[in-house]
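Working notes for the structure below.
Just so you know, residue 1 is the first one in the sequence shown, and it goes up from there. Both ligands and their constituent atoms are indexed starting at 1 by order of listing.
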Amino acid sequence: MFSRFFSRAGLFAAPFLALLLAGCSKADYTVRQSTLDPKGPVAQIQYDVFMDTVWLAVVLFALVGGLMVYAVIRFRSRPGDDTAPIIEEGHGNPLVEIGLITASIGALVFIAVPTLSAIWYTDDVPAESVPASKLSAWYPRLEAGKEVYAKPLEEQVLEIDVIGKQWWFRFEYPQLGLTNDAKHSVPNEMVIPRGKAVRINLRSEDVIHSFWIPKIAGKVDLMPGRKNHMWIQANEVGHYYGQCAEFCGDSHAYMLFRCEVVEPEEFAKWVQRQKSDAAPVAPNTKAEKGKELFGAKTCAMCHNISGHYGAGAFAPDLTHIASRKSLAGAWLDNRDPKAQLAKEQSTKNTEQSVEVDRATLKANLIKWIGSSGVSTGADGKPTKDVKPGNRMHYYKMFNVVSLTETHQSFTADELDCLAEYLLTLK
Ligand code: CUA
């Protein structure tokens, strides 16, 4: 009877177990956001704590479950049991009690030691990571022709301010002059040098968000009115996928970001590029008409484009929008999806990335700008909102009572011109 029960249970359990194990398989590199595939010291130590806990739980499960199965089989009811005398229950067995208490304490210590050391390690850039992270390595601070290390070592760690907004992330590098105030902030895509410790300062301008790059580190909340921080380091160059991990409103699920890990020399070049202004637009082109529309349709009230429009500070900086691999809080991917998939499959690595594809980016721009129900599709109905609740084309974010909510609408030709203009912003 038992064997039949177990064989039936096995029949049901086997596919689930296989599925479970397939999900855990490290050989499957097609998972872009996996905490089980750590690519940096912070993610690694968090993974280690997780695995310590898993193994302890497995041992306890086998022990308790094994004893229970043994008892069920060994002391099962047998024919003639009802006539046998009832055995009196025992009360108190000091050896068993002390043994169980000691085992529980042992199990807690087994978990507590790695947990506490991981908490301390992940809190802030550890001393041993600092010497390797001198800012001067990619951003020399020269005084009288000499590199000066007068600052305390911990001040030489690269700092990035991460600001959460509904529903996108803004990245600022205060030490390198890439800030919103300086009209050079970086939305959606954080770039960091490989092998360097980075201190992340987490802030929110509206509600609670959470910063999470599963393969590099996670998660720490961005709290309104409160400072939070963490540190990260990535040991391998690549394109990493991040996600807001705290429910923050309508489009929480579409609040993504990317972390581009590059070689230090590449990082220095990137910083210089971010500081440059947008190039002039060729006269008598669609792009030029698009540039005019950008002002006329009030896009410039919220978006900054250094060198062209400097009033906007509220929405993502668009000065280099055409060089970014993602759009709309990293929800829309500007790479050719087929080429990207082929690359990931051939290299068995989701961090490998193809470059921005012009046609995909243009289609995304048109889809994004024309969304929010302000344009009509071929069927005459309002186009589907790419990110429900997003604040494109609405003035209500200014919270001024007398300011009526206005919507912008665009013709297909206007959308085409705007996209052509934005495509020039590399
Ligand atoms: Cu921001 Cu969820």
Do any of the N, O or S atoms of Cys244 sit under 2.8 Å from atom 1 (Cu) of ligand 1?
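Of the N, O and S atoms in Cys244, at least one lies under 2.8 Å from atom 1 (Cu) of ligand 1, which means yes.
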Strictly under 2.8 Å, is any N, O or S atom of Ser210 next to atom 1 (Cu) of ligand 1?
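It does not; every qualifying atom lies at 2.8 Å or beyond.
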Over all heavy atoms of both residues, which pair between Ser204 and Leu222 is shortest? Give the atoms and the distance, please.
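Minimum heavy-atom contact is CB-O, 3.7 Å.
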By the definition side chain to side chain contact (heavy atoms under 4.5 Å, CB included), identify the one residue from Gln33, Arg32, Lys219, Gln243 that meets it with Pro214.
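So the option named by the test is Gln33.
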Ring-face cation of Lys39 near Tyr240 (centre distance under 6.0 Å, axis angle within 45°)
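So Lys39 doesn't make the cation-pi contact.
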Which is the closest N/O/S atom of His252 when seen from atom 2 (Cu) of ligand 1?
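Considering only N, O and S atoms, His252 comes nearest to atom 2 (Cu) of ligand 1 through ND1.
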Looking at atom 2 (Cu) of ligand 1, which N/O/S atom of Glu246 is the nearest one?
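The atom in question is O.
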Ignoring hydrogens and geometry beyond distance, is a side-chain donor-acceptor pair present between Asp317 and His320 at under 3.5 Å?
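Note: Asp317 and His320 side chains miss the donor-acceptor criterion.
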Closest N/O/S atom of His209 to atom 1 (Cu) of ligand 1, by atom name?
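Checking each N, O and S atom of His209, the shortest distance to atom 1 (Cu) of ligand 1 belongs to ND1.
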Ring center gap for Trp167 and Phe257 short of 6.0 angstrom:
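Not close enough - the centres of the two rings lie 6.0 Å or further apart.
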